[in-house]
K.L.:
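Encoded as structure tokens, here's the structure I'll be asking about.
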Amino acid sequence: MTDGVASARSALAREHACVLLHEMRRIRRFEEKCAELYSAGKIRGFLHLYIGEEAVAVGAMQGLSHEDAIVSTYREHGHALARGIGASALMAEMFGKREGCSHGRGGSMHVFDAATRFFGGNAIVGGGLPLAVGLALADRITGRPRMTACFFGDGAVAEGEFHESLNLAALWKLPVLFLCENNLYAMGTRIDRAQSQTDLRVKAQSYLVPAETVDGMDVIAVEEATRRIADGVRRGDGPAFIEFRTYRFRAHSMFDPELYRDKEEVERWKGRDPIATLEKRLKEEGLVTDQLIEALDVSVADEMDEAVQFAENGTWEPVEDLLRDVYTRRS
Amino acid sequence: MTDGVASARSALAREHACVLLHEMRRIRRFEEKCAELYSAGKIRGFLHLYIGEEAVAVGAMQGLSHEDAIVSTYREHGHALARGIGASALMAEMFGKREGCSHGRGGSMHVFDAATRFFGGNAIVGGGLPLAVGLALADRITGRPRMTACFFGDGAVAEGEFHESLNLAALWKLPVLFLCENNLYAMGTRIDRAQSQTDLRVKAQSYLVPAETVDGMDVIAVEEATRRIADGVRRGDGPAFIEFRTYRFRAHSMFDPELYRDKEEVERWKGRDPIATLEKRLKEEGLVTDQLIEALDVSVADEMDEAVQFAENGTWEPVEDLLRDVYTRRS
Amino acid sequence: MITTYREAVRTALREALRRDPRVFLMGEDVGRYGGSYGVSKGLLDEFGPERIRDTPLSESTFVGAGIGAALGGLRPIVEVMTVNFSLLALDQIVNNAATIRHMSGGQFSIPLGIRMATGAGRQLAAQHAHSLEGWYAHIPGIRIVTPATLEDARGMLWTALEDPDPVLIFEHQTLYNMEGPLADTAGAVDIDHAAVRRSGSDVSLITYGGTLGRTLQAADELARDGVDAEVIDLRTLRPLDMATIEASVKKTHRVVIVDEGWRSGSLSAEISARLAESLFYDLDAPIARVCTAEVPIPYPKHLEDAALPQTPAIVNAARSMVGARV
Amino acid sequence: MITTYREAVRTALREALRRDPRVFLMGEDVGRYGGSYGVSKGLLDEFGPERIRDTPLSESTFVGAGIGAALGGLRPIVEVMTVNFSLLALDQIVNNAATIRHMSGGQFSIPLGIRMATGAGRQLAAQHAHSLEGWYAHIPGIRIVTPATLEDARGMLWTALEDPDPVLIFEHQTLYNMEGPLADTAGAVDIDHAAVRRSGSDVSLITYGGTLGRTLQAADELARDGVDAEVIDLRTLRPLDMATIEASVKKTHRVVIVDEGWRSGSLSAEISARLAESLFYDLDAPIARVCTAEVPIPYPKHLEDAALPQTPAIVNAARSMVGARV
Ligand SMILES: Cc1ncc(C[n+]2csc(CCOP(=O)(O)OP(=O)(O)O)c2C)c(N)n1
Ligand SMILES: Cc1ncc(C[n+]2csc(CCOP(=O)(O)OP(=O)(O)O)c2C)c(N)n1
Ligand SMILES: [Mg+2]
Ligand SMILES: [Mg+2]
């Protein structure tokens, strides 16, 4: 390898690493804002923060193609931002303004975006898996070389729809990538109090779906695995399953007193903060400098301030439109 | 071993073998009658015959205790008879007479009997599994040393409730014995067109539920496995799963044109008829004689003729009682 | 051409599959078995296993997959063998099919047809005899149709598939063998309007689906008594075509609603309530409802018959009302 | 003693667990988390994990297991976190809980209590805001109760557990923080009768659950205009206590029904239909219904508010009716 190639590579690597860092910081900052705005009463309903899990969304989205479809959960701000839904449209949705990506009708749990093939936010645990199977079936029937990535939590694995969806996808060799965000808890229920078998790979493999476990606090590992496995799924190898081991730093939602886990456990995981970890690593490798990080910070802060401003300036849908979008044709 | 002991053993063995043979013949004859009576319009609705699968019901029930609970399916005449529900009460139920074991309200698919702890006939595929988990939970909470045996077909394994029930039973170490009658088809859908993984043991094991496959055409093997495994379940080892490989010789129900399987396949399996197989074996071992079998036949024929007569003589519930048994207390 | 309801549905399926490559059929035993009611017999041979898909017993997931495939640009027809099993898929229908358009602010529509057999009358007992189509009609975001004639069995499916929103099609179990003439040119029909199946001036008998036949019989019997009954077939249970119903009631001033749902909370209640709101001063007698008794359907024939709306009960309800006129 | 609805339910749970060893509680996060709405906080410590059981996310199976445990001789209380998730368990409720007594010819009863939070009003959007208790009331074989007061939150549970049949208890989400006095001696209450929460002579306002408060407010406003409204709290949605309702209507001759269900096919329709059948000639004006608009509940507050039955709409409905009298 010549010096030129090596330095080009390292430039590329730095650039890409910066993208990853930037994306994770965007999510973190966006959600910190959301928490504030929740306290201020600007955002209401349920608000499920993703803080601590950013590496999964960012790494996974980097590994997917723009043609792929995304099916997500109620904890989807990270997925949405990493997928390319603008912070402003997302924040306006959190406010319920009509400039929101779901026209304000959905709020935090129902982020949709046709342009990025983001098929929602779903507030029923496990409810998205059959949709993902169907989206993949449509691609399979029409012969389009793309796939559907389906995010869900460890809690969803206990639902009957997990079983039915993995079986159907495997039976019909559909291009679905099942992405399980195992943050060890479903609300207050730790995985070993919900699953007889806590090694989730074994479950996926029981359908003959190839499965891997990946460190969900390491964005580079997430990206690598997702890209590699997604390529196979898109190529027609059938469905695959990735378990990302991760952790949510915050409460389940804004109403959760967190009686079910120790402070130390939380602190231990915070020591593995995916953003701090990546920063440290990049600095050690000399790929980024403090200045660069500061610059990133400023740009992220500006972006999110703008998003909030955009949401603030957004408009309320008139009450006369209440019955809009129940049916496509109105009779 | 002295000659005396050996001969006592063989007498016992003969006696028991005769019981098995007798029970299987009772089921066979009962159902042959049912088929006739269906054509005659005496039995209506859906009628799912168990012919060919008798070894499973008979062997399994022999392996269970009278204290145990049974949860069954819509293909349950064999289970009911082998459990000890009288042929007359069962036949009256098939007719819809009030002398039926479910007072005539249920018919073929809803055989219930409190005396033998037979918790039904269930016409929703997979619908019985959660009930079995709950019955076992009641025993667990009250500390009673008994268990619940739950029959279901290969088709039911695809339902979400299979997944949820195996997990919950395993998680809570409940005394449930899951008895899967794998007759290779769910209506017209062969197992490999319904399951990505056709080795059902693997599925059960993915919940850390111990699983075995047993030849469901061999009544002695069925009994041995059931008794051995049920003892462990009752002792508190947690749930277990047995897959019985079997085959239904008749159509799925009386409406099935059987377009989905070859005549030869059916004939091949008929060559393994559990009744003929046992007879042959017992004769070869000198445990039964042709005379004894003839005598059995006569007694079975008489019993079933009587059952039909009983059902014929049964009475119709008066129409004024239509709203009975919707609620326990009538308000 | 003499045909059956079963054949009419099959023809509709075949036509849809031929006309639009985005259409496919999936459900339990729709392929090799030929459909639990024999409706899809032959379609697997004609269209192959990519478009005629036997599913495992996984109602929630294959219905949800239908929703997903519709989101993905196809025009799925999902067969849920019977309404009784659709309860396993209810979350997908109520929480996804009925809401996604709304929750996404109108970005996504779900052009999905879900067919199911419904109703009692075949001694299938309590778990296999539900009539829940009127119950489903409570849910905004879905459309409910109930073909009761050969024309509608033949024609509603295509219109449902052209509808950008989810349409649930309920085929009454007892209709599949119904035989009669159907024009060779029969094709798509509207799914917006109720139909006046018999015109009359004394009393409006309002029904749909499996009870249309018995209601028409009742009208014939009433005619022999000199009572001229009008029979309305609702056809679409959601949204209700109140204009057609109201026009009839303005003419007759008397209403009997016949509904195979359990009486309490059945669709008959909604129609009654609406008429009492809009035509309170036009009604000459209290609205009567002939519904299913509030009991899980019993197996024996005499009890099942007693539980269901039968012709004599319809006749009596109408007769006593017209008597009340004098 | 001043208490909250939440505490009243908790006290009821605690008492039931203390009184009867056959009682246990299971559901998602009822134990360590303390219940999604904080209702069961502290119960795990007092009764231990055998009797306070956190379940996996498996609604169909843990509801079915509740049915099985009831068959096995226990008195389970199953908490389904919210009615929205109960759709996943609907097959167990409709096809097993509601039918087994009947299908077994009366051999088996199912003494099971299923609690769930219901209703909108907290900006939780379309999948988390259903009000389906009236819809459930369509099903024979189950009983539906809707505690709307502290007394009922405290007292209905025990009576439900003593009932040999399945009882579904719907607790409206917005009530948990409701505070007020509750007698120390408060205990079991009947679950057979509707209650007159305010006596009046001009118009009957009929409601239940989450809308009782707004209906009482409306009655106060009406009083200021000289309209004397009677407020009926249905308490039990199945079976309906028609005697109490009819007694009220015979007095007032005017009816407004307030129901958080979507209007079409809501319980309000059934009540309206029944009154039009039994008291047709007693009604001085068409029955009015104030219900939820037929739209999946939107997230923004102004739209959610617009979708739900609000006090001004109740007042207007009653006022225009009484105006009609003059
Ligand atoms: C079917 C259903 N049951 C219960 C809930 C309530 N609930 C919301 S999130 C949640 C926990 C889900 O845990 P998991 O799948 O691990 O996702 P996480 O929240 O950890 O990201 C529960 C129980 C729901 N939304 N849907
Ligand atoms: C939930 C549900 N879906 C569909 C049906 C219709 N159905 C009745 S039996 C059956 C096949 C079940 O196959 P399996 O579990 O293998 O049992 P088998 O009939 O072979 O004994 C089907 C699809 C049903 N009764 N319940
Ligand atoms: Mg989790
Ligand atoms: Mg089978």
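Here is how names work: the chains are called A, B, and so on, in the same order as the sequence lines, proteins then strands, and each is numbered from 1.
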K.L.:
Name the region of I139(C), side chain, backbone, both or neither, that has any atom closer than 4.5 Å to a heavy atom of chain A.
P.N.:
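Only the backbone of I139(C) comes within 4.5 Å of chain A.
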K.L.:
Counting C-beta onward and ignoring hydrogens, is there a side-chain heavy-atom pair between H102(C) and R105(A) closer than 4.5 Å?
P.N.:
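Heavy-atom side-chain distance check passes, below 4.5 Å.
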K.L.:
Can you find a side-chain donor-acceptor pair between E161(A) and S60(C) that sits under 3.5 Å?
P.N.:
yes
K.L.:
Are the side chains of L168(A) and P56(C) in contact, using a 4.5 Å heavy-atom criterion?
P.N.:
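Of all side-chain heavy-atom pairs linking L168(A) with P56(C), at least one is under 4.5 Å.
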K.L.:
So which part of D54(C) gets closer than 4.5 Å to some heavy atom of chain A, the side chain, the backbone, both or neither?
P.N.:
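Interface part for D54(C): backbone (N, CA, C, O).
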K.L.:
Answer with side chain, backbone, both or neither: which region of F118(A) has an atom nearer than 4.5 Å to a non-hydrogen atom of chain C?
P.N.:
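For F118(A), the backbone is the part near chain C, not the side chain.
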K.L.:
If I take atom CZ from residue R324(A) and atom CZ from residue R101(C), how far apart are they, to the nearest 0.5 angstrom?
P.N.:
8.0 Å
K.L.:
Which atoms of T148(A) come close to chain C, meaning under 4.5 Å heavy atom to heavy atom: side chain ones, backbone ones, both, or neither?
P.N.:
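Answer is neither: T148(A) stays 4.5 Å or more from chain C.
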K.L.:
Checking heavy atoms, do the side chain of L135(A), its backbone, both or neither come under 4.5 Å from chain C?
P.N.:
both
K.L.:
Do side-chain atoms of Q92(C) reach the backbone of G127(A) as a donor and acceptor pair under 3.5 angstrom?
P.N.:
yes
K.L.:
Would you mind telling me which of A65(C), G72(C), P21(C) has the largest number of heavy-atom pairs within less than 4.5 Å of chain A?
P.N.:
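Most heavy-atom pairs under 4.5 Å with chain A: A65(C).
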K.L.:
Is there a donor in the side chain of T328(A) and an acceptor in the side chain of S109(C), or the other way round, less than 3.5 Å apart?
P.N.:
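There is such a pair (donor and acceptor under 3.5 Å, judged by atom type) between the side chains of T328(A) and S109(C).
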K.L.:
Please report the C-alpha distance between L129(A) and T61(C) in whole Å, then the side-chain angles of each, then the deciding distance to 0.1 Å, and finally whether the side-chain contact (heavy atoms from CB on, under 4.5 Å) criterion is met.
P.N.:
CA-CA 8 Å; L129(A) 280 89; T61(C) 285; over 6 Å; no
K.L.:
Within this structure, what is the CZ-CD1 distance for the pair F119(A) and I100(C), rounded to the nearest 0.5 Å?
P.N.:
9.5 Å
K.L.:
Taking every non-hydrogen pair under 4.5 Å, which of V133(A), D139(A), V326(A) racks up the most with chain C?
P.N.:
V326(A)
K.L.:
Taking Q107(C) for the side chain and C101(A) for the main chain, is one N or O donor matched with an acceptor at less than 3.5 Å?
P.N.:
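Such a contact is found between Q107(C) side chain and C101(A) backbone.
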K.L.:
Chain A: which of P140(C), P111(C), S104(C) shares the most heavy-atom pairs with it under 4.5 Å?
P.N.:
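Highest number of heavy-atom pairs under 4.5 Å: S104(C).
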K.L.:
For I142(C), is it the side chain, the backbone, both or neither that has a heavy atom under 4.5 Å from a heavy atom of chain A?
P.N.:
backbone
K.L.:
To the nearest 0.5 Å, what is the distance between CG on N95(C) and CG on N122(A)?
P.N.:
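Reported to 0.5 Å precision, the distance equals 8.0 Å.
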K.L.:
If you count heavy-atom pairs under 4.5 Å with chain A, which of G141(C), P164(C), G106(C) comes out on top?
P.N.:
G141(C)
K.L.:
With a 4.5 angstrom heavy-atom cut-off, which part of A114(A) approaches chain C: side chain, backbone, both or neither?
P.N.:
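When you check distances to chain C, atoms from both the backbone and side chain of A114(A) fall under 4.5 Å.
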K.L.:
Quick one: which of V63(C), L57(C), D91(C) has the most heavy-atom pairs under 4.5 Å with chain A, could you say?
P.N.:
D91(C)
K.L.:
Taking all non-hydrogen atoms of both residues into account, name the closest pair between G64(C) and L131(A) and its distance.
P.N.:
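Heavy atoms only, the tightest pair is O-CD2, 3.6 Å.
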K.L.:
Enter the distance from S165(A):OG to F62(C):CZ here, rounded to the nearest 0.5 Å.
P.N.:
12.0 Å
K.L.:
Does any backbone or side-chain atom of R98(A) lie under 4.5 Å from a heavy atom of chain C? Answer side chain, backbone, both or neither.
P.N.:
neither
K.L.:
Taking D165(C)'s backbone N and O only, do any of them form a donor-acceptor pair with Y327(A)'s side chain (distance below 3.5 Å, no angle check)?
P.N.:
no
K.L.:
Which region of I141(A), side chain (C-beta onward) or backbone (N, CA, C, O), has a non-hydrogen atom less than 4.5 Å from a non-hydrogen atom of chain C, or is it both or neither?
P.N.:
both
K.L.:
Distance from L137(A) atom CG to E50(C) atom CD, nearest 0.5 Å?
P.N.:
8.0 Å
K.L.:
Find the distance between OG1 (T55(C)) and CH2 (W172(A)) and round it off to the nearest 0.5 Å.
P.N.:
6.0 Å
K.L.:
Examine whether an atom of L171(A) lies under 4.5 Å from a heavy atom of chain C, and if so say whether it belongs to the side chain, the backbone or both; otherwise answer neither.
P.N.:
side chain
